[in-house]
2 protein chains.
Amino acid sequence: MSTIDEVAFLAKVSVATVSRVINNNTNVSPETKERVLNAIARLKYQPNAMGALLRKEHTGMILILLHSVDNPFFSPIVQGIEYFAQSNGMNVLICTTYGDKNRENHYLDLLKSHFVDGLLLITNTLTCEELNELNRNYPVVQVVEYLPDCDASYFSIDFYQAAFSLVERLIEKGHHDIAFIHAGLADIVSTKKKYQAYCDALKKHNLEPIIEDISEHAFGYESGRTMTRELLKEHPSITAFFATSDLMACGILDELRDQGFKVPQDKSIISFDNTIFSTLVQPNLTSVDVNGFQLGYQSLEYLKKRINDKKFTDKLEVFLPYVIHERESS
Amino acid sequence: MSTIDEVAFLAKVSVATVSRVINNNTNVSPETKERVLNAIARLKYQPNAMGALLRKEHTGMILILLHSVDNPFFSPIVQGIEYFAQSNGMNVLICTTYGDKNRENHYLDLLKSHFVDGLLLITNTLTCEELNELNRNYPVVQVVEYLPDCDASYFSIDFYQAAFSLVERLIEKGHHDIAFIHAGLADIVSTKKKYQAYCDALKKHNLEPIIEDISEHAFGYESGRTMTRELLKEHPSITAFFATSDLMACGILDELRDQGFKVPQDKSIISFDNTIFSTLVQPNLTSVDVNGFQLGYQSLEYLKKRINDKKFTDKLEVFLPYVIHERESS
DNA sequence: ATTATACCTGTAAACGCTTCCATTTCTCAA
DNA sequence: TTGAGAAATGGAAGCGTTTACAGGTATAAT
């Protein structure tokens, strides 16, 4: 590995001049620049990032914390983030926590040690206090999921409104017994909002919620299947299912098929996320698209502002528009 | 931000001692350690990573280059990598190129500037020469896909053998007209091997390949659909489809359904990847599982050896075992 | 000819940490 | 009592950059 000194020596200039050439600084004569460039090429010189970054205020790295990469729901969000990053000379560090607090803390050290300039929290296991503490000292933005009463800004959609209108549509079509299929109500704000909207919409029309009180259920397909099975045992009158994710909706669908029901003739399904799963299964699923790309893009856009202006710490609570895709399942 | 000097001053020790405490070095008396720890706590001191890393040989960061995160096929690979990383105090930088050479080069600079210690190439657009050059100077390992005649090591599976035995099973079941649905044969080694095996297996039984000569086709669902449509027009006698990915197989499935065919009664499908898609659609797909987790895990394990021992540069060509999941589609 | 200005270049001081080496102090065996 | 070895600590030299500052030269204006 050659260093800037060797380049300077070979080009017969000072290291300052080499640095100027590397950073496209003006005030370097064409001939000198030429000489330096030649020396760089001859030595195959690559500036050492650590040396440079030690002197600079920022590293240009952003940390994304999410549960795992295997949920296609996150894909457009990450794409939006990356698109903005790409256009703004930033790099993105995607780190998966699998809901493990150790891993999360491990990665948060990257923020605290100034390895990264800011944090995009797509999912987290932090308490409100922890997040506040973090937000006080470092640029942090929550994406999609958020802690409602926390000081940290977030970009999300109005899950309540989306869920409410979805349920009302079902009711208008004559459904009375609508089940709520979810992955635990405890922590996640999106699920909470959906549940609240579901209850409110039913109450408005004097209907009763049908829901299983689960303690700890997994996300995903299997979970949708088992909950459907359980609920149908107790409430055979159910004609519609509200799934909090379309992967769960896939589980519902398969369980219904196995039990001999037709969708949407016998039972309807509505869901969230509008991932590729929605259109991969038969029938296609009615699903809410949260416009993850925009969510990701704008989150980083705002985070960048926070990074560049320490004084700019206003809490932002942004709800972007969503789109309901009505398909065959309802 | 407080620095190590301030901590040293407050604790009335030298910076050397503070550094020893931070790095859990021995040879620090309990009382001194206590004092330093107190000072650290009082100042909320966080060591600056850049300062430390400038002095150290390695950063503990690994770069993963892949096309995009929205293919569930990559998920277990990444998980395997992360699992090893986690257990070995390394960090993983997941970067998506979307097949864009600019983005790729941008990220490769992280390697060249020693921001990361090594590179795991899951997909790439590099030529063999470029990769050789890279491999000569930095620790690089290819995962799943690889350039066969390159100097860089790789961990993959024997796609040829897997494909060959799949096709033979179809032939044994009486299929004669077997179509090959792919996303372009040009670059990707896995597709090339599959195609070669497909042809060889057919030839062995005196059968003719059925394939569309495409120039530039997209991966994925849509592509599977259109190719199926085209091929069936010309070759209505086709009774089985070999899909190079299970997402394409999903496209085939839907196209067949739309045309009124039943799977597997009228037509059979076999595919690769064994992602969640394989079991999400009806009927479930016969698919080859490449054991991505092991592939990822062992790749990083080997990469780590290369990082720690510059002299260790033997080319490794590793084929791990795969599993064929026979399901309803064939 | 003189001065002001713009442009180019170099010197050297950071940036925040680790670690080699030297020094001091302490413990224990001879 | 002495000396050797171990343990604890500090001094200071880097690691490879960037950049403030200063100096030097050429050009243009007076």
Side-chain angles (χ1 to χ4, degrees), chain A residues 1-40 43-61 89 109-117, chain B residues 1-40 43-61 89 109-117 137-138:
Chain A
M1 280 311 305
S2 46
T3 68
I4 199 172
D5 299 84
E6 304 177 44
V7 175
F9 179 80
L10 185 59
K12 299 191 207 306
V13 295
S14 71
V15 292
T17 300
V18 178
S19 176
R20 289 189 188 101
V21 172
I22 294 167
N23 297 290
N24 278 315
N25 213 306
T26 53
N27 291 349
V28 178
S29 74
E31 306 86 57
T32 310
K33 187 169 182 175
E34 176 76 13
R35 255 198 351 272
V36 171
L37 254 19
N38 275 336
I40 288 176
L43 292 172
K44 293 193 181 180
Y45 166 68
Q46 284 285 150
N48 179 305
M50 295 306 151
L53 292 177
L54 182 54
R55 278 303 305 263
K56 297 193 173 163
E57 197 179 355
H58 299 308
T59 65
M61 301 285 288
D109 281 344
L110 295 176
L111 183 67
K112 295 177 182 167
S113 67
H114 296 264
F115 200 97
V116 299
D117 298 335
Chain B
M1 281 310 307
S2 45
T3 68
I4 199 172
D5 299 84
E6 305 176 43
V7 174
F9 179 80
L10 185 60
K12 299 191 206 306
V13 295
S14 71
V15 293
T17 301
V18 178
S19 175
R20 289 189 189 102
V21 172
I22 294 167
N23 297 290
N24 277 315
N25 213 305
T26 53
N27 292 349
V28 178
S29 74
E31 308 86 57
T32 311
K33 187 169 182 176
E34 177 76 13
R35 255 197 354 270
V36 171
L37 255 18
N38 276 336
I40 287 176
L43 292 173
K44 292 192 181 182
Y45 166 69
Q46 283 285 149
N48 179 305
M50 296 306 151
L53 292 177
L54 183 54
R55 282 302 306 264
K56 298 193 173 165
E57 196 179 358
H58 300 308
T59 65
M61 301 285 287
D109 281 344
L110 295 177
L111 182 67
K112 295 176 182 167
S113 66
H114 296 264
F115 199 97
V116 299
D117 299 334
N137 299 298
Y138 310 95

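To find a chain, count down the sequence lines: A is the first, B the second, and so on, and within it residues start at 1.
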Check: In whole Å, what is the span from the CZ atom of B:R35 to the C1' atom of D:dG10?
Finding: 13 Å
Item checked: For atom CD1 of A:I4 and atom C1' of D:dC15, their distance in whole Å -> 13 Å
Checklist line | Whole angstrom value for the distance that separates P of C:dT18 from CE of B:M50 | finding: 14 Å
Checklist line | Spacing between A:D5 atom CG and C:dT11 atom C1', to the nearest angstrom | finding: 13 Å
Note to self: Is the phosphate of D:dA8 approached by B:T32 (side-chain N or O, under 4.0 Å from OP1 or OP2)?
What the structure shows: no
Check: Are the side chains of B:V13 and B:V18 in touch, meaning some heavy atoms are under 4.5 Å apart?
Finding: yes
Next item on the list: Measure from the side chain of B:T3, starting at C-beta and using heavy atoms only, and say which of C:dC17, D:dT19, D:dG10 lies closest.
Entry: C:dC17
Next item on the list: Note the angle between the end axes of the helix from C:dA1-D:dT30 to C:dA30-D:dT1, five pairs defining each, rounded to 10 degrees.
Entry: 40°
Margin query: Check the phosphate of C:dG10 against A:T17, side-chain N and O only, distance under 4.0 Å to OP1 or OP2. Yes or no?
Written below: yes
Notebook entry, point to check: Among C:dC15, C:dC17, D:dT9, which is the nearest nucleotide to the side chain of B:N48?
Noted result: C:dC17
Item checked: Length of the CD-C1' vector between A:E31 and D:dA26, whole Å -> 13 Å
Item checked: Sugar-phosphate, base or nothing in reach of B:V18, heavy atoms under 4.0 Å -> nothing
Notebook entry, point to check: How far apart are the closest heavy atoms of A:N24 and A:K33, and which atoms are they?
Noted result: OD1-NZ, 4.2 Å
Item checked: Between CG on residue B:N38 and CD on residue B:E34, distance to nearest 0.5 Å -> 5.0 Å
Margin query: Once you apply a heavy-atom cut-off of 4.0 Å, does A:E6 come out as touching a base, just sugar-phosphate, or nothing?
Written below: nothing
Check: Reckon B:N27 has a side-chain N or O less than 4.0 Å from the OP1 or OP2 of D:dA7?
Finding: no
Notebook entry, point to check: Does B:R55 make a side-chain donor-acceptor contact with the base of D:dG16, cut-off 3.5 Å?
Noted result: no
Check: Rounded to the Å, how far apart are A:K56 NZ and C:dC15 C1'?
Finding: 13 Å
Check: Can you name the nearest heavy-atom pair linking A:A11 to A:A39, along with the distance?
Finding: CB-CB, 3.8 Å
Next item on the list: Just call it for B:K33: base, sugar-phosphate, or nothing, with non-hydrogen atoms closer than 4.0 Å on any strand.
Entry: nothing
Next item on the list: Tell me which of A:A49 and B:S14 sits closer to the 5' end of DNA chain D, going by the nucleotide each one is nearest to.
Entry: B:S14
Notebook entry, point to check: Between D:dG11, D:dT19, D:dT9, which nucleotide has the shortest distance from any of its atoms to the side chain of A:S19?
Noted result: D:dT19
Next item on the list: Find the distance B:N23:CG to C:dC20:P and express it as a whole number of Å.
Entry: 12 Å
Item checked: Which residue lies more 5' along DNA chain C, comparing B:A52 with B:R20 via nearest heavy atoms -> B:A52
Check: How close or far is atom C1' of D:dT19 from atom CD of A:E57, stated in whole angstroms?
Finding: 14 Å
Item checked: B:F9 atom CZ, neighbour heavy-atom count above 12 within 6.0 Å -> no
Notebook entry, point to check: With respect to the side chain of A:L54, which nucleotide from C:dG10, D:dG10, D:dG16 is positioned closest?
Noted result: D:dG16
Notebook entry, point to check: Considering only heavy atoms from C-beta outward, does the side chain of B:D109 approach that of B:K112 to under 4.5 Å?
Noted result: yes
Item checked: Contact summary for A:M50 and B:T59, nearest pair of heavy atoms -> CE-CG2, 3.5 Å
Note to self: As an exercise, state the distance from CZ of A:R35 to OG1 of A:T17, rounded to the nearest 0.5 Å.
What the structure shows: 9.0 Å
